[in-house]
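Below: the structure, in structure tokens.
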Amino acid sequence: RSAQARQARIAPASRRHVAAVFPPAATFSRPIPFGRQPDLGTERGSRRDACRCDDHLAFGLQRFRKLVKSMYSAFDADLTVSARLGQTFPADAIDTAAVARIPGVEAFSFVLEQSALLEHAGRQATATVRGVDDAYAAVFPLDSVVSAGEYRVRLGDIERLVMGQSMTYMLGIRSLADADVNVYAVRRGSFSSLLPFDNYTRRTVPLGGVYSLDLETERTYVLASLRLAQELFSHPGRVSGLVVRLREGADAEQVRQALARLSGDDYRVRTRHELRASFYRIMTYEKWGIFFISLLVLVIARSRSSGRWRC
């Protein structure tokens with residue numbers, strides 16, 4: 001009896017010790033990232049922690065959208081004028097003096113771009129060669145993203161190329177001192193299978209600068225002078241587009257309508273959003289996804305605070 005009494009007195013203390021070391025399963029709670037431990041004791045604490053997670057998620061996705069948009073804006077202008085039929089149009093078909101008088105237009109430049117084959121030291125890669133005029137630097141200030149050399153596609157009568165850092169790796173270019181690149185473009189006109197080399201126009205151009213942006217842009221665009229592009233692609237006096245930069249605070253839709261009236265029905269004027277329609281459509285879907293995820297988090301937090309679910 002004395003042993004049973006001692007065991008009866010010790011048992012409550014042992015249970016209290018075990019409960020202190022190993023609390024009941026209902027008291028455990030999973031940690032919520034991006035903040036402190038949630039306060040599940042009250043409904044206000046659950047809502048506060050759920051809103052904190054939602055704010056961090058929305059903030060992270062918003063920063064990602066801004067980063068991707070800044071990458072695309074380095075080569076996509078605010079407004080782009082192009083031909084409805086065909087790939088090129090005469091450069092003198094658009095009244096540049098009238099374009100400069102449109103309110104909201106800060107700068108504009110003619111470009112001519114087409115695919116070409118690049119070759120250096122036995123390595124080859126395809127790229128989009130964009131020929132630009134002297135006003136291109138006012139539309140796209142790329143001086144801040146040039147990591148080697150300088151942003152100048154022409155030095156007097158000397159033609160030069162400006163390409164992305166990833167493209168230099170693909171071509172095996174390690175120094176600007178000896179970086180002559182062979183550029184091949186399909187010659188317009190008849191195509192002969194007997195003399196295939198006569199079907200291409202070849203130019204050897206030194207590399208003058210290297211820019212650093214996102215991987216896709218670096219592998220896609222190579223900048224050259226407009227004169228070189230017109231000779232290379234056999235398009236004398238023709239361009240593929242007019243890129244326009246707007247002033248700060250200008251209404252893009254009003255400027256687009258003014259450019260459309262000026263250029264006529266044979267040309268179309270598109271904004272950056274219309275050029276990257278698929279990308280901005282994904283951004284719209286992403287916003288709806290954030291909304292539904294936030295709604296789900298709030299519903300779960302409300303259910304946990306009311307005691308319906310236990311972790």
Per side-chain contact (heavy atoms from CB on, under 4.5 Å), Phe108 is matched among Ile94, Leu259, Val99 by Val99
Could you work out the complete set of other residues in the hydrophobic cluster of Tyr184, with links drawn between I, L, V, M, F, W and Y side chains under 4.5 Å apart? Leu117
Heavy-atom pair of closest approach, residues Ser166 and Leu215: OG-CD1, 3.0 Å
Check Thr201 against Ser234 and note the closest heavy-atom contact, atom names and distance. OG1-OG, 4.5 Å
Which pairs pass side chain to side chain donor-acceptor pair (under 3.5 Å) with one or both residues in residues 87-97, sequence neighbours excluded? Thr88-Arg238
Minimum heavy-atom separation for Ala93 to Tyr267, with atom names? CB-OH, 3.2 Å
Closest approach of Asp157 to Arg227 (non-hydrogen atoms, all atoms of both residues): O-NH2, 3.9 Å
Out of Arg270, Arg256, Arg272, which residue meets the salt bridge (charged side-chain N to carboxylate O under 4.0 Å, His left out) rule with Asp78? Arg272
In Å and rounded to the nearest 0.5 Å, what is the CZ to CG distance from Arg154 to Leu226? 9.0 Å
Please list, one pair per line, the donor and acceptor atoms closer than 3.5 Å that link side chains of residues 120-129 to other protein atoms, with sequence neighbours excluded.
from   : atom 1 : to     : atom 2 : distance (Å)
His120 : ND1    : Asp180 : O      : 3.0
Arg123 : NH1    : Tyr169 : O      : 3.4

Rounded to the nearest 0.5 Å, what separation is found between the OH atom of Tyr200 and the CG atom of Leu232? 13.0 Å
Kindly compute the distance separating CD (Glu231) from CZ (Arg203), expressed to the nearest 0.5 Å. 5.5 Å
I'd like to know if Arg160 and Glu150 make a salt bridge, using a cut-off of under 4.0 Å between side-chain N and carboxylate O. yes
Can you tell me how far CG of Leu223 sits from CG of Leu228, rounded to the nearest 0.5 angstrom? 11.5 Å
Going by side chain to side chain donor-acceptor pair (under 3.5 Å), name the pairs with one or both residues in residues 103-116, residues two or more places apart or in two chains. Ser109-Asp133, Glu113-Arg130
Less than 4.5 Å apart, any side-chain heavy atom of Met163 and any of Val181? yes
Distance-minimising heavy-atom pair for Val153 and Ala224: CB-C, 3.8 Å
Sequence neighbours left out, cut at 3.5 Å: what donor-acceptor pairs do the side chains of residues 204-212 make with other protein atoms?
from   : atom 1 : to     : atom 2 : distance (Å)
Thr204 : OG1    : Asn182 : OD1    : 2.7
Tyr211 : OH     : Thr217 : O      : 3.0
Tyr211 : OH     : Tyr221 : O      : 2.8
Ser212 : OG     : Ser147 : OG     : 3.1
Ser212 : OG     : Gln165 : OE1    : 2.9

Just wondering, do Tyr136 and Tyr151 contact through their side chains at under 4.5 Å, heavy atoms? yes
Quiz: residues 241-251 side-chain donor-acceptor pairs under 3.5 angstrom, not counting sequence neighbours:
from   : atom 1 : to     : atom 2 : distance (Å)
Arg245 : NH1    : Ala138 : O      : 3.2
Arg247 : NE     : Val105 : O      : 3.4
Asp251 : OD1    : Glu253 : N      : 3.2
Asp251 : OD2    : Gln254 : NE2    : 3.4

Atom pair OG/CZ of Ser225 and Arg152 - distance to nearest 0.5 Å: 12.5 Å
To the nearest 0.5 Å, how far apart are CG in Leu176 and OG1 in Thr168? 9.0 Å
Closest heavy-atom contact between Val146 and Leu142? CG2-O, 3.2 Å
Given 3.5 Å as the limit, does a donor-acceptor pair link the side chain of Glu218 with the main chain of Met167, or not? no
